[in-house]
Amino acid sequence: MKQDWKPWRLENWSVSESEWNDSSLPMVTLGVLNYNRIKELRQTLDVLTRAVQYPNYEVIVVDNGSTDGSLEMIRSEFPSVRVHEVGHNAGVSARNFLTPIASGKYLFHFDDDTCPGTPAMVLRIVQHMENYPEIDAISASCHQPITGRLETEGWEVFGILTNADRGWDGLFILEGGICWRMSSLKQVDGYDPRWTYGCEGMDIGIQLFKNNLSSFFCPQYLILHFISQSMRTHGRRTYMNSRNMIWLVAKHWPLAASIPLMGLVISRRFLAMLMHPNTFRDNLRGMIDGLRGVRPFIGQRPKLTFRQVIFLKRWYLSLFRWA
């Protein structure tokens with residue numbers, strides 16, 4: 001399904017004078033997760049500090065112990081940017097450090113290689129969330145300008161509930177291109193520190209769902225992803241996704257429902273192995289390690305209710321979206 005390229009429309013680019021002077025617009029925080037990507041980080045901060053058309057915001061970088069000069073570059077070239085040094089590589093769970101230190105009513109999560117796709121995107125998303133107070137998080141369309149690929153193409157097909165005005169309600173979280181209502185984000189545990197990355201968006205999306213909070217996909221807003229290749233080998237990503245998906249199911253689904261769903265997950269992985277034989281070893285290692293380490297997740301509470309398990313029936317189809 002091809003999306004209508006709403007992000008390129010004029011209203012998503014321009015900010016009027018009255019909007020610049022709108023005192024009712026809340027403070028927002030633009031948070032960036034970085035690890036040894038000084039080149040990409042410089043580009044992202046250049047956009048966030050110079051090209052974002054919003055009257056009242058702060059930029060915070062959470063750094064996972066970079067050793068490539070990223071911290072020195074921030075202090076030298078972007079003195080207005082706040083830095084939180086984790087001191088070691090905590091993976092995606094380092095995003096959790098943003099929640100207690102952010103000053104904004106809304107918190108945007110970016111990666112060091114992602115940034116807003118239009119100057120007015122931050123403003124338009126804030127206006128959207130102000131107009132729909134029942135929305136707790138908004139994920140935008142994600143476009144790779146180098147490859148031309150639209151990462152989020154077809155996401156709306158797997159929405160749980162649909163509403164063209166508000167967006168598509170579902171479990172999809174665009175980790176490097178999402179806006180959170182801060183009060184809602186504080187009601188969930190955040191990113192699980194037990195896995196470095198892989199399925200972290202699904203995990204926090206289910207946390208929202210279990211707490212009767214909503215995450216929406218709004219394709220009219222745009223994130224650019226410059227897909228840095230540093231520190232991201234394909235084999236490692238395949239392994240992490242294969243392992244963490246098993247942990248995800250065991251963590252959130254009751255045992256009676258997790259067994260058949262885990263069978264579905266494993267069959268998806270075997271399908272991926274048949275379609276892409278070069279992933280066989282990494283997928284197999286991930287499934288084996290996932291099953292070996294599944295015990296702590298089985299005992300974790302609370303689980304989804306059986307009513308919630310059934311309500312997600314449309315979402316299960318998405319497991320084969322990227323097989």
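Since the structure is predicted, the reported quantities are computational estimates derived from the model, not experimental observations. In this chain, residues are counted from 1 in sequence order.
Counting all heavy atoms, side chain and backbone alike, Asp289 lies closest to Arg243 at C-CG, 4.1 Å. Between Asn36 and Ser66, the closest heavy-atom pair is N-OG, 2.7 Å. Between Leu107 and Leu185, the closest heavy-atom pair is CD2-CD2, 3.8 Å. Nearest heavy-atom pair, Ile173 versus Ser215, reported as atom, atom and distance to 0.1 Å: CD1-CB, 3.7 Å. Heavy-atom minimum distance, Val52 versus Pro116: CG2-CG, 4.3 Å. The shortest heavy-atom contact between Gly65 and Tyr35 is O-CE1, 4.0 Å.
In this structure, the side chain of Trp20 does not engage the main chain of Pro55 through any donor-acceptor pair within 3.5 Å. The main-chain N or O of Gly286 is never found under 3.5 Å from a side-chain atom of Arg269 such that the two would form a donor-acceptor pair. Judged by distance alone, the side chain of Glu200 and the main-chain N or O of Tyr197 form no donor-acceptor pair under 3.5 Å. No side-chain donor-acceptor contact under 3.5 Å links Asp192 to the backbone of Ser93. With hydrogens and angles disregarded, a donor-acceptor distance shorter than 3.5 Å links the side chain of Asn64 to the backbone of Gly91. In this structure, Glu19 contributes its side chain and Glu17 its backbone to no donor-acceptor pair below 3.5 Å. With Thr152 contributing its side chain and Cys142 its backbone, the two residues share a donor-acceptor pair below 3.5 Å. With hydrogens and angles ignored, the 3.5 Å screen pairs a side-chain donor or acceptor of Glu58 with a backbone N or O of Ser103.
Put simply, Ile101 and Val86 are part of the same group of oily side chains (I, L, V, M, F, W, Y) that touch within less than 4.5 Å, one to the next. In the hydrophobic clustering of ILVMFWY residues, with side-chain heavy atoms under 4.5 Å counting as a link, Ile60 and Met27 come out apart. Both Leu171 and Leu264 belong to a single network of hydrophobic side chains, linked directly or stepwise wherever heavy atoms of I, L, V, M, F, W or Y lie under 4.5 Å apart. When hydrophobic clusters are built by joining Ile, Leu, Val, Met, Phe, Trp and Tyr residues whose side-chain heavy atoms come closer than 4.5 Å, directly or via intermediates, Val309 is grouped together with Leu248. Both Ile266 and Leu261 are members of a single hydrophobic cluster when ILVMFWY side chains are connected at heavy-atom separations under 4.5 Å.
A distance of 8.0 Å separates SG of Cys179 from CE of Met121, quoted to the nearest 0.5 Å. Rounded to the nearest 0.5 Å, atoms CE (Met73) and CZ (Arg42) are 5.0 Å apart. With rounding to the nearest 0.5 angstrom, the CD1 atom of Ile138 is 12.5 Å from the CG atom of Leu174. With rounding to the nearest 0.5 Å, the separation of CD in Gln53 from OG in Ser16 is 10.0 Å. Here the CD1 atom belonging to Ile125 is positioned 14.0 Å from the CZ atom belonging to Phe216, to the nearest 0.5 angstrom. One distance of note links CG of Leu41 with CD1 of Ile74; it measures 5.0 Å at 0.5 Å rounding.
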Exercise. Run the side-chain contact (heavy atoms from CB on, under 4.5 Å) check on Phe226 and Lys39 step by step: do they pass?
Worked result: CA-CA 11 Å; Phe226 289 92; Lys39 178 181 177 181; over 6 Å; no
For this session: Just do the side-chain contact (heavy atoms from CB on, under 4.5 Å) check on Leu291 and Met262 with the steps written out, would you?
Result: CA-CA 10 Å; Leu291 293 171; Met262 208 168 293; 4.0 Å; yes
For this session: Report the C-alpha separation of Leu312 and Phe209 in whole Å, then their side-chain angles, then the decisive distance to 0.1 Å, and conclude whether the side-chain contact (heavy atoms from CB on, under 4.5 Å) test is met.
Result: CA-CA 10 Å; Leu312 290 174; Phe209 181 67; 3.8 Å; yes
For this session: Show your working on side-chain contact (heavy atoms from CB on, under 4.5 Å) between Gln144 and Ile146 and close with a plain yes or no.
Result: CA-CA 6 Å; Gln144 297 178 2; Ile146 296 174; 5.8 Å; no
For this session: Determine, stepwise, if the pair Gln127 / Asn131 fulfils side-chain hydrogen bond (donor to acceptor under 3.5 Å, both in side chains).
Result: CA-CA 6 Å; Gln127 290 174 331; Asn131 290 333; over 6 Å; no
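Taking Ser183 as the reference, nothing meets the side-chain hydrogen bond (donor to acceptor under 3.5 Å, both in side chains) condition, with sequence neighbours excluded. For the side-chain hydrogen bond (donor to acceptor under 3.5 Å, both in side chains) test, residues two or more places apart in sequence or in another chain that qualify with Asp68 are Ser70. Residues passing the ring-ring contact (aromatic ring centres under 6.0 Å, His included) test with Phe97, sequence neighbours excluded: His84.
In the model, Asp282 has no side-chain atom that pairs as donor or acceptor with a side-chain atom of Ser242 under 3.5 Å. A donor and an acceptor atom, one from each side chain of Asp203 and Gln207, are located under 3.5 Å apart.
Contact annotation: the side chain of Arg95 approaches that of Glu175 to within less than 4.5 Å [non-hydrogen atoms, C-beta and beyond]. Contact check for Leu123 versus Leu25: side-chain heavy atoms found under the 4.5 Å cut-off. Between Pro219 and Trp168, the closest side-chain pair of non-hydrogen atoms falls below 4.5 Å. A heavy-atom distance below 4.5 Å is found between the side chains of Glu130 and Val126. Between Phe172 and Phe217 there is no side-chain heavy-atom pair separated by less than 4.5 Å. By the 4.5 Å heavy-atom criterion applied to side chains, Trp180 and Ile204 are counted as neighbours. The side-chain heavy atoms of Met202 and Trp315, taken from C-beta on, include a pair separated by under 4.5 Å.
Using a 30° and 60° split on the angle between ring planes, His109 and Tyr191 fall in the tilted class, from 30° to 60°.
Note: Tyr221 and His128 meet the aromatic proximity criterion, with ring centroids under 6.0 Å apart.
A salt bridge is absent between Arg181 and Glu134; no separation between the charged side-chain nitrogens and carboxylate oxygens falls under 4.0 Å. Here Glu85 pairs with Arg75 in a salt bridge; the nearest charged N to carboxylate O distance falls below 4.0 Å.
Test Val62, Thr114, Asp112 against Leu33 for side-chain contact (heavy atoms from CB on, under 4.5 Å) and you get one pass: Val62.
With a 6.0 Å radius and a threshold of 12 heavy atoms from other residues, nucleotides or ligands, Lys303 has its NZ atom above the threshold.
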